[in-house]
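Positions are given from 1 along the sequence. This structure is a prediction, so every number in the text was calculated from the model and none was measured.
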Amino acid sequence: DALYELGRALPAGPDAIAALEKATRERPSFLAAWAKLAEVDLALGKNENARTAAASALRLDGQDASAHVVVGRVALADGKVDDAVREARAALGVLATSAPAKLLLADAYAQKGDIDLALEQYQAAYGLDRQNPDVLVHAARACVKAGRLTSARAYAGTVTRDFPTWGPGFAALGDALAADGDPVGARAAYGKALQGRGPVDAAAVRAKLTSLHAP
């Protein structure tokens with residue numbers, strides 16, 4: 001239990017993986033540790049390892065919604081969108097109020113290009129869990145990709161207002177403003193993203209900053 005809690009508390013990286021792997025070795029039936037290990041592996045781009053850990057979680061309990069969600073997350077990262085949709089629906093069949101499953105379904109629809117269906121699910125996910133800023137971040141990014149720039153700015157504005165220290169929210173706001181032709185606002189948002197909390201790809205944000213030319 002202590003190793004699992006340590007792995008949850010640490011940022012995604014080798015130390016978190018080491019703690020979670022040890023937790024699963026000491027208790028092979030520890031579903032939550034397998035699922036978290038898959039999430040961390042996925043965050044680090046270790047898709048093959050994530051696939052193995054997610055499959056282990058699902059084997060332990062095929063009626064666990066979180067296990068279906070993490071398997072779906074891996075499928076989505078692998079570009080298997082239909083598999084991700086199937087896992088999201090399986091999770092919702094187990095727990096209809098699962099915000100992570102709604103978010104997975106939204107991301108899958110967005111990847112398929114079905115932005116209207118995606119937005120319905122993003123709104124449902126946020127309605128179920130208003131403490132998770134990433135729902136709004138994902139929605140903003142999906143809207144930028146779909147060219148829905150007014151909606152992108154609205155979602156990004158909400159996340160930066162409601163979660164004013166969340167770096168990924170400001171990164172999403174920067175993307176929305178840059179796409180909507182506001183380089184000055186985008187530069188300010190990217191600057192706040194670099195100063196905020198949460199997982200921000202600092203190198204990517206700095207590259208976007210240097211590509212912007214404010215009038």
Side-chain angles (χ1 to χ4, degrees), residues 1-112 118 121-139 141-142 163 166 168 197-199:
D1 290 336
L3 288 166
Y4 167 64
E5 293 299 336
L6 177 62
R8 288 182 61 196
L10 289 168
D15 290 341
I17 288 178
L20 292 165
E21 285 182 340
K22 189 171 182 182
T24 58
R25 284 197 303 271
E26 293 190 1
R27 190 191 303 168
S29 61
F30 202 161
L31 188 153
W34 282 114
K36 186 61 181 178
L37 178 58
E39 290 177 11
V40 175
D41 281 330
L42 200 57
L44 297 175
K46 300 177 180 290
N47 287 24
E48 185 173 351
N49 292 350
R51 202 176 303 120
T52 299
S56 295
L58 191 59
R59 276 197 301 271
L60 286 168
D61 186 355
Q63 291 300 306
D64 186 275
S66 65
H68 282 288
V69 169
V70 75
V71 170
R73 280 277 158 215
V74 175
L76 194 61
D78 287 339
K80 299 177 180 178
V81 182
D82 290 338
D83 288 350
V85 170
R86 183 165 56 250
E87 293 298 337
R89 288 174 175 162
L92 291 167
V94 174
L95 181 62
T97 57
S98 169
K102 291 282 188 182
L103 179 56
L104 171 60
L105 189 57
D107 286 341
Y109 284 143
Q111 194 158 316
K112 286 168 72 74
Q121 298 303 320
Y122 284 128
Q123 291 163 7
Y126 193 56
L128 290 166
D129 183 5
R130 291 188 174 275
Q131 302 305 309
N132 183 5
D134 285 333
V135 175
L136 298 171
V137 172
H138 287 213
R141 289 175 176 164
F163 304 91
W166 192 241
R197 298 185 302 105

Please list, chain by chain and in numerical order, all residues satisfying side-chain hydrogen bond (donor to acceptor under 3.5 Å, both in side chains) with Ser98, sequence neighbours excluded.
none
Heavy atoms, side chains only, cut-off 4.5 Å: are Leu31 and Ser66 in contact?
yes
Ignoring hydrogens, what is the shortest heavy-atom contact between Gly72 and Ala84? Give both atom names and the distance.
O-CB, 3.5 Å
Just say parallel, tilted or perpendicular for the rings of Phe30 and Tyr4, cut-offs at 30° and 60°.
tilted
Considering only heavy atoms from C-beta outward, does the side chain of Asp64 approach that of Val94 to under 4.5 Å?
no
All heavy atoms of Tyr109 vs all of Arg89, minimum pair found to be OH-NH2, 2.9 Å
Can you name the nearest heavy-atom pair linking Gln131 to Phe163, along with the distance?
O-CE2, 4.0 Å
Take Arg51 and Asp41, measure what salt bridge (charged side-chain N to carboxylate O under 4.0 Å, His left out) needs, and give me the verdict at the end.
CA-CA 9 Å; Arg51 202 176 303 120; Asp41 281 330; over 6 Å; no
With Arg130 via side-chain hydrogen bond (donor to acceptor under 3.5 Å, both in side chains) - residues at least two apart:
none
Quick check: do Glu87 and Val70 have side-chain heavy atoms less than 4.5 Å from each other?
no
Is any side-chain heavy atom of Asp78 closer than 4.5 Å to a side-chain heavy atom of Asp83?
no
Roughly how far, to the nearest 0.5 Å, is OH of Tyr126 from CG of Leu103?
12.5 Å
How far does CG of Leu3 sit from CZ of Arg25, to the nearest 0.5 angstrom?
9.0 Å
Determine the minimum heavy-atom distance between Ala16 and Leu10, stating which atoms define it.
N-CD1, 3.7 Å
One thing to verify: whether Lys102 and Asp129 come together as a salt bridge, which I'm taking to mean a side-chain N less than 4.0 angstrom from a carboxylate O.
no
Between Ala108 and Leu76 the two heavy atoms that sit nearest each other are CA-CD1, 3.9 Å
Got a second to check how far Arg141's CZ is from Asp134's CG, nearest 0.5 Å?
8.0 Å
Quick one, Pro199 and Pro168 - any side-chain contact, counting heavy atoms below 4.5 Å?
yes
Quick one: does Leu104's side chain get under 4.5 Å of His68's, heavy atoms only?
no
Testing the basics here: between Gln121 and Ala106, what is the closest heavy-atom pair and its distance to 0.1 Å?
CB-CB, 3.5 Å
Check whether any side-chain heavy atom of Trp34 sits under 4.5 Å from a side-chain heavy atom of Leu37, and report yes or no.
yes
Measuring only between side-chain heavy atoms, which start at C-beta, is Val85 closer than 4.5 Å to Leu105?
yes
